[in-house]
Structures are given as C-alpha cells and as structure tokens.
There are 2 protein chains.
Amino acid sequence: MSLNSTAKQSLEDALFVKGLRSTKQREIIYEAVLNSEDHPSADLIYSRVKEDMPGISLATVYNCLETLTDCGLIRQVNFERQPSRFCLATAQSAHHAHAHCKNTGKVFDVVLPAQFFDELNKYLPADFQLEKVDLCLSGKQSLSQKN
Amino acid sequence: MSLNSTAKQSLEDALFVKGLRSTKQREIIYEAVLNSEDHPSADLIYSRVKEDMPGISLATVYNCLETLTDCGLIRQVNFERQPSRFCLATAQSAHHAHAHCKNTGKVFDVVLPAQFFDELNKYLPADFQLEKVDLCLSGKQSLSQKN
DNA sequence: AATTGTAATTAGAATGATTCCAATTAAAAA
DNA sequence: TTTTTAATTGGAATCATTCTAATTACAATT
C-alpha cells in the first residue's frame with residue numbers, strides 16, 4: 001500500500017508551508033496514520049511502519065508524528081496518562097471528540113456538531129484565544145458488542 | 001490552617017464508603033487541594049504539604065491523590081503529557097472544563113451548563129456508559145492580564 | 001556531477017513523572 | 001495487649017518521550 005497522490009500532495013503542501021521537506025519517513029508515517037482506524041500509539045505505528053521500512057527508528061517516528069501534528073495533518077489524542085495516540089486531522093476533525101472504552105481499550109471518534117464547540121467561547125474569558133479543544137470521554141460499552 | 005469539620009466529615013465519609021481509613025496524610029493532602037486555586041501538580045502539592053508534615057514522602061502524595069480521586073473527592077486534570085494537576089471535585093465540578101493558558105502556564109476552571117454535558121450522550125453509541133468527561137481547552141490570553 | 005550547506009534521521013543515552021516493592025509504622029479489631 | 005490489616009516510606013524500577021551527537025539525505029550552487 002502507498003499514499004495516493006491527493007494525500008501525498010496535501011502532505012507536501014502542508015510541509016512546504018512550514019518550510020519542511022517531504023521525506024520517505026514522513027510519508028510512510030502519514031500513510032500509517034491515514035490507514036489506521038484505531039488511533040494507534042507511536043509504538044504501534046513504529047511496529048507497523050517497520051514492516052515496510054525496517055531501518056526506521058523510534059525516534060524518527062516520534063519526530064515525524066510531532067512534525068505532522070504541527071503541520072495540522074494529524075491529531076494527537078491523550079487519555080489520562082496513557083501513551084499518546086494519533087489520528088488523521090480531517091477538516092471536520094476539529095469537531096470530533098474521542099471516546100475511550102475501558103473494557104476494550106479502544107478509542108473511537110465521536111462526531112459532534114460544530115455549534116457544540118463554538119458555544120464554548122461564550123464561557124471563556126473575552127481575552128482568551130481558544131486554540132485547541134480536547135474532549136475525551138471515558139466509559140464502558142457492553143463487552144458483547146462486535147466493535 | 002486545618003481542615004474544617006464539614007470537609008473533614010466528607011473526607012471521612014467518602015473514605016469509609018470505600019472501606020478506607022482517614023489518615024493524617026490523606027487529610028493534609030485533601031486540605032492542600034481544597035485550599036489551592038491553582039490546580040497544583042503532585043510535586044507542588046508535595047512541597048506545600050512538606051511544610052506542615054516534613055516526613056511525608058512523594059510516594060504517599062501520589063498514593064493519597066489516587067485514593068482521593070477514586071473516592072470522588074478530587075479531580076485529576078491532564079493537559080497533553082504534562083504532569084497531572086489536581087483540583088477539588090465539587091458537586092458542580094462535573095460541569096467544569098479546564099482551560100490552559102500557554103502564555104502563563106496557568107489552568108483555570110470554565111463552568112459550563114450541565115446541559116452541555118448531558119447533550120454528549122446523544123452522540124454516543126447507545127450501549128456506551130459515559131463515566132467521565134474531560135474537556136480541556138488550550139489557548140492564550142493576553143500577557144498583560146492580571147490573572 | 002561534485003560541493004556545499006542545511007535539514008532529517010538514527011541509535012542510544014537521558015529525562016522525569018509515576019509506579020512498584022519490600023520494609024516499617026500506624027490504625028482498628030479482637 | 002495482641003493481632004490483623006492497611007497505610008506510609010525510601011528507593012529502585014518503569015516507560016513514554018525527549019535529547020544528543022554523529023551520520024545521512026536532500027537541495028541548491030558551482
């Protein structure tokens with residue numbers, strides 16, 4: 001599998017805006033996040049990516065994930081003090097919350113109306129410039145479920 | 001300074017429910033959180049509490065903070081991968097978000113209407129039992145402000 | 001194509017918040 | 001009291017992440 005040309009282009013564009021280069025490592029890590037539905041940790045991304053690029057180092061995975069996050073291409077999701085997880089930052093992902101199931105350990109997206117997030121500003125001090133909203137939900141879903 | 005009798009009682013009650021004992025250390029740490037407006041980290045609580053109880057260990061601070069959190073007396077607040085911070089879990093604190101200012105490093109409460117949180121359930125899978133909502137806002141407020 | 005300058009990657013060491021552990025101490029029950 | 005059990009303690013261990021110094025890759029010039 002490999003990055004399709006649209007994705008590749010948006011990666012290159014986003015990197016270029018920040019004066020950064022597109023590299024094999026950044027590509028393959030972007031691809032790994034793009035193709036993951038499960039909000040993988042750096043470690044998991046590392047092991048997935050190593051299959052295609054055995055020489056890649058964990059440090060590079062961390063570096064690239066940080067770079068991609070800074071470029072707004074991916075999102076870093078934190079639950080309590082667990083290892084960070086990563087997911088694609090789509091246009092509408094500003095309006096995603098993340099739910100963590102304590103039974104399965106899985107994380108899934110919860111799509112919320114934009115208005116939900118906009119409303120937050122009403123309750124913030126006037127001079128507070130809101131940059132990032134992290135809404136993390138924890139709970140349990142029945143163990144019998146398929147997902 | 002010392003814990004007032006109402007606070008002391010609710011500490012004892014909450015511990016009792018879980019079959020736990022009320023100890024000097026748990027009291028003084030509960031008191032430290034109760035009297036802090038600044039969402040202190042374990043480390044900061046440690047240094048504050050040591051003034052009154054020089055022999056207390058950092059491990060105990062961590063233990064007690066965990067216990068108090070489990071009892072629902074205090075709340076653990078995490079921003080990105082920074083050290084956890086703690087604040088009092090008041091009845092209405094279920095309806096607090098936390099805002100982190102990147103300029104000052106300070107964390108403050110943002111009180112939101114209960115309805116805001118209730119609405120979340122609409123967007124969750126029916127079988128998901130929501131236990132905890134962490135809403136963390138990051139941004140900047142003008143450096144010139146007094147708070 | 002070789003050279004230069006700069007950015008990215010790498011392996012491994014370091015960091016630092018937190019947790020674990022085994023021993024001691026304190027509290028409650030008998 | 002004595003016994004039992006829970007809590008605290010200091011220090012070691014953990015582990016995700018970051019740092020560092022050296023190497024490699026890239027892009028722009030010659």
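Note: hydrogens, waters and symmetry copies are ignored here, and every other heavy atom, side chains too, is used.
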Starting at atom CD1 of B:Ile56, determine the distance to atom C1' of D:dG10, rounded to an integer number of angstrom. 13 Å
Please list, in numerical order, the residues of residues 5-21 of chain A that have a heavy atom closer than 4.0 Å to any atom of DNA chain C. A:Leu20, A:Arg21
Please check this pair: side chain of B:Arg81 against backbone of A:Arg81, looking for a donor-acceptor N/O pair closer than 3.5 Å. yes
Which parts of residues 76-86 of chain B get close to DNA chain C, meaning a heavy atom less than 4.0 angstrom away? B:Pro83, B:Ser84
Remember a base hit wins even if backbone is also touched, and classify A:Asp43 as base, sugar-phosphate or nothing at under 4.0 Å, heavy atoms. nothing
To the nearest 0.5 Å, tell me how far A:Ser22 OG sits from A:Gln9 CD. 9.5 Å
Count the heavy atoms belonging to other residues, nucleotides or ligands that lie under 6.0 Å from NZ of A:Lys140, then report whether that count exceeds 12. no
Can you check the B:Leu44 CG to C:dA17 P distance for me, whole Å? 12 Å
Is the distance from OP1 or OP2 of C:dA7 to the nearest side-chain N or O of A:Thr23 less than 4.0 Å? no
Knowing that exactly one of B:His96, B:Gln82, B:His98 qualifies, which makes a side chain to side chain contact (heavy atoms under 4.5 Å, CB included) with B:Val77? B:His98
Look at the side-chain N and O atoms of B:Tyr62 and state whether any lies under 4.0 Å from the OP1 or OP2 oxygen of C:dT18. yes
Atom CD1 of B:Ile45 and atom C1' of C:dT18 are separated, to the nearest Å, by 14 Å
Separation of B:Asn63 atom CG from C:dC20 atom P, in whole Å? 10 Å
According to a strict under-4.0 Å criterion, is A:Thr60 in side-chain N/O contact with OP1 or OP2 of C:dT10? yes
Winner on side-chain proximity to B:Ser57, out of C:dT9, D:dT9, D:dT17, is D:dT9
Is the positively charged end of A:Lys106 above the ring of A:Phe108, judged by distance under 6.0 angstrom from the centroid and angle within 45° of the axis? no
For the side chain of A:Asp109 and the backbone of A:Val111, is there at least one donor-acceptor N/O pair under 3.5 Å apart? no
A:Gln25 side chain near C:dT10 phosphate (N/O to OP1/OP2, under 4.0 Å): yes
Do the side chains of B:Lys122 and B:Glu119 get close enough for a salt bridge, i.e. N-O under 4.0 angstrom? yes
Provide, to the nearest angstrom, the distance between the CD atom belonging to A:Glu66 and the P atom belonging to D:dT17. 11 Å
Where do A:Asp134 and B:Leu137 land on the side-chain contact (heavy atoms from CB on, under 4.5 Å) test, with the steps shown first? CA-CA 6 Å; A:Asp134 272 313; B:Leu137 315 172; over 6 Å; no
Give the rounded distance in Å between these two atoms: OH of B:Tyr46 and P of C:dG16. 17 Å
Could you state the CD1-P distance from A:Ile29 to C:dT9, rounded to the nearest angstrom? 8 Å
Expressed in angstrom and rounded to an integer, what is the separation of B:Leu58 atom CG from D:dA13 atom C1'? 15 Å
Ring centre gap for B:Phe116 and A:Phe116 strictly below 6.0 Å: yes
